[in-house]
2 protein chains.
Amino acid sequence: MDSHLHNPLSASGTDGREERGDRTAQALLESARSAFAVHGFAGASVRDIAGDAGVNPSLVRYHFGSKEGLYRRVLDSAMEGLRERLLAAAAQPGAPRQRIHRVIGLYLEHLASQRDIPRLIQRALLNREPYLRELVSNYLQPLLQALKPFIATPLHPRLGSLEDVIISMFGAIIAPFLYEPLLVDLFDRDVLSERALEKRRRHIEALVDLTLDELLHHPGA
Amino acid sequence: MDSHLHNPLSASGTDGREERGDRTAQALLESARSAFAVHGFAGASVRDIAGDAGVNPSLVRYHFGSKEGLYRRVLDSAMEGLRERLLAAAAQPGAPRQRIHRVIGLYLEHLASQRDIPRLIQRALLNREPYLRELVSNYLQPLLQALKPFIATPLHPRLGSLEDVIISMFGAIIAPFLYEPLLVDLFDRDVLSERALEKRRRHIEALVDLTLDELLHHPGA
DNA sequence: AAAAAAGTTAACCGATTGTGTAAATTTCTC
DNA sequence: GAGAAATTTACACAATCGGTTAACTTTTTT
């Protein structure tokens with residue numbers, strides 16, 4: 001069926017020269033990432049994506065096989081390199097708390113530099129796409145295993161299990177990116193400006209410290 | 001254009017008898033709520049919704065004017081009554097902290113009993129639908145005004161402003177509902193079971209207390 | 001320069017989309 | 001029971017969807 005269909009964006013194989021096909025595939029990827037983030041997979045049309053990229057719609061099939069193939073590549077490219085950077089940050093020397101702060105800071109930085117990512121992942125979550133299992137096993141599971149020994153702790157009398165704490169911190173980290181349009185209306189100020197995000201990073205750091213202190217020393221009952 | 005188009009579900013006007021049209025409108029609403037939550041507005045088709053409700057697709061136009069009219073009614077019905085219950089919980093006598101816990105507990109209960117809501121709101125957020133402004137001014141703004149005097153506080157040296165704390169708590173509260181498919185894979189256990197949600201409620205309560213203590217007394221620098 | 005490969009284009013396909021319309025049916029009113 | 005109103009049905013519409021094909025142009029290879 002799909003006879004040739006050479007995989008594009010092959011990191012420009014032998015030499016560093018960028019080929020013609022690579023450029024159009026890259027343009028399609030960028031337009032698609034934005035379109036899928038804004039309108040979702042079902043809401044974004046191949047024609048619109050190609051139009052935005054200034055390219056013929058049929059090239060989607062040529063370069064990516066199908067709309068779904070393009071979508072997969074968008075998700076992959078959005079996550080590219082993150083796994084290695086996160087694990088490296090977790091493995092770097094330092095006190096456990098410093099490592100955790102580094103990982104969180106890196107993740108916040110990644111979200112801030114690629115604003116489409118939270119929405120892409122959130123849409124994948126809402127649609128319960130099978131891609132999520134990869135995301136879990138590739139990113140979250142290794143990260144959890146790398147960080148868990150630092151905070152191995154029995155049940156806390158009030159905070160409960162470590163899982164609950166992780167869920168809360170994860171929700172708190174992602175919140176401003178996901179609820180931005182709502183928060184702008186509620187607080188009447190930009191929550192994704194560079195200033196706000198740096199403020200946010202310090203807040204998360206404090207919140208993590210607060211819960212870690214409570215979790216590790218659990219003084220109160 | 002749309003000449004007659006009587007509004008259905010009029011709470012059965014004079015007598016308590018449920019009319020034929022009300023029943024089909026109700027069936028459409030229920031099917032639509034599920035379909036919009038699962039597939040999104042663009043992904044859910046009028047024909048599928050009507051088919052699931054066992055009803056002719058044209059009745060969507062008759063009862064709700066259009067697909068978008070149906071969608072609006074779905075959002076309204078999902079939020080119905082929540083505002084009054086939340087404000088009543090906030091206004092009930094008791095210590096400020098108890099009021100906050102009541103509001104949060106009520107909200108968690110509402111999310112738990114209507115699992116479609118987090119997904120519907122999240123999709124509305126992702127699509128930046130204008131409906132969100134209503135949601136803010138009808139639910140969040142009044143709630144914020146009702147709770148704010150209890151925790152009026154200057155900037156905390158580490159946690160930052162009250163807004164940041166609210167954002168984090170909000171993210172933590174919603175997290176298990178939104179990230180459920182991901183968390184099931186990650187922790188290999190149900191995070192939305194009745195047991196897990198009660199555990200979750202206690203955890204959130206502790207987390208709120210922890211941050212409120214820090215916010216109000218801000219002992220550490 | 002000829003041949004092969006890679007990339008691009010335009011046109012078309014069947015399926016599905018939301019919506020509109022007019023007639024048929026049911027229910028209510030008198 | 002006749003007439004009016006409310007509700008339901010079947011059918012058609014224009015538009016859009018993703019996908020397919022074949023011809024065309026550009027680039028690379030020989």
N/O (side chain, A:H63) to phosphate O (OP1/OP2, C:dA6) under 4.0 Å = no
How long is the line joining CG of B:D22 and P of D:dT7, in whole Å?
-> 8 Å
Side-chain donor/acceptor of B:R61 to base of C:dG18, under 3.5 Å = no
Picking from C:dT19, C:dT8, D:dT8, the nucleotide nearest the side-chain atoms of A:L59 would be C:dT8
Say whether, by atom type as modelled, one donor and one acceptor occur between the side chain of B:S34 and the main chain of B:E30 under 3.5 angstrom.
-> no
Side-chain N or O of A:S58 closer than 4.0 Å to phosphate OP1/OP2 of D:dG19 = no
Mind calculating the distance between CZ (B:F64) and C1' (D:dT7) to the nearest angstrom?
-> 14 Å
Which part of the nucleic acid, if any, lies within reach of A:S45 when heavy atoms closer than 4.0 Å are counted: base, sugar-phosphate only, or nothing?
-> sugar-phosphate
Where each residue is assigned the nucleotide of DNA chain C containing its nearest heavy atom, which of A:P57 and A:R47 is assigned the position nearer the 5′ end?
-> A:P57
Under 4.0 Å between any heavy atoms, over every strand shown, what does B:A44 touch: base, sugar-phosphate, or nothing? Just pick one.
-> sugar-phosphate
So what does B:A42 hit on the nucleic acid, given a heavy-atom distance under 4.0 Å: a base, only sugar-phosphate, or nothing?
-> nothing
Between B:Y139 and B:E134, a side-chain donor and acceptor under 3.5 Å = no
Does the side chain of B:M79 reach to within under 4.5 Å of the side chain of B:I117, using non-hydrogen atoms?
-> yes
Among C:dT17, D:dG18, D:dA6, which nucleotide sits nearest the side chain of A:K67?
-> D:dG18
Provide, to the nearest angstrom, the distance between the OH atom belonging to B:Y62 and the C1' atom belonging to C:dT26.
-> 11 Å
Modelled atom types, side-chain donor and acceptor of A:R200 and B:S168, under 3.5 Å = yes
Counting side-chain heavy atoms from C-beta on, which of D:dA10, C:dT8, C:dG18 comes nearest to B:N56?
-> D:dA10
Per atom distances to the A:S66 side chain, the nearest of D:dG19, D:dT8, D:dA12 is D:dG19
Round to a whole Å and report the spacing from CZ of B:R23 to C1' of C:dT26.
-> 12 Å
Does A:R133 reach the main-chain N or O of B:D185 with its side chain, forming a donor-acceptor pair under 3.5 Å?
-> no
Whole-Å distance between C:dG18 C1' and B:D48 CG?
-> 13 Å
Expressed in angstrom and rounded to an integer, what is the separation of B:I49 atom CD1 from C:dT17 atom P?
-> 10 Å
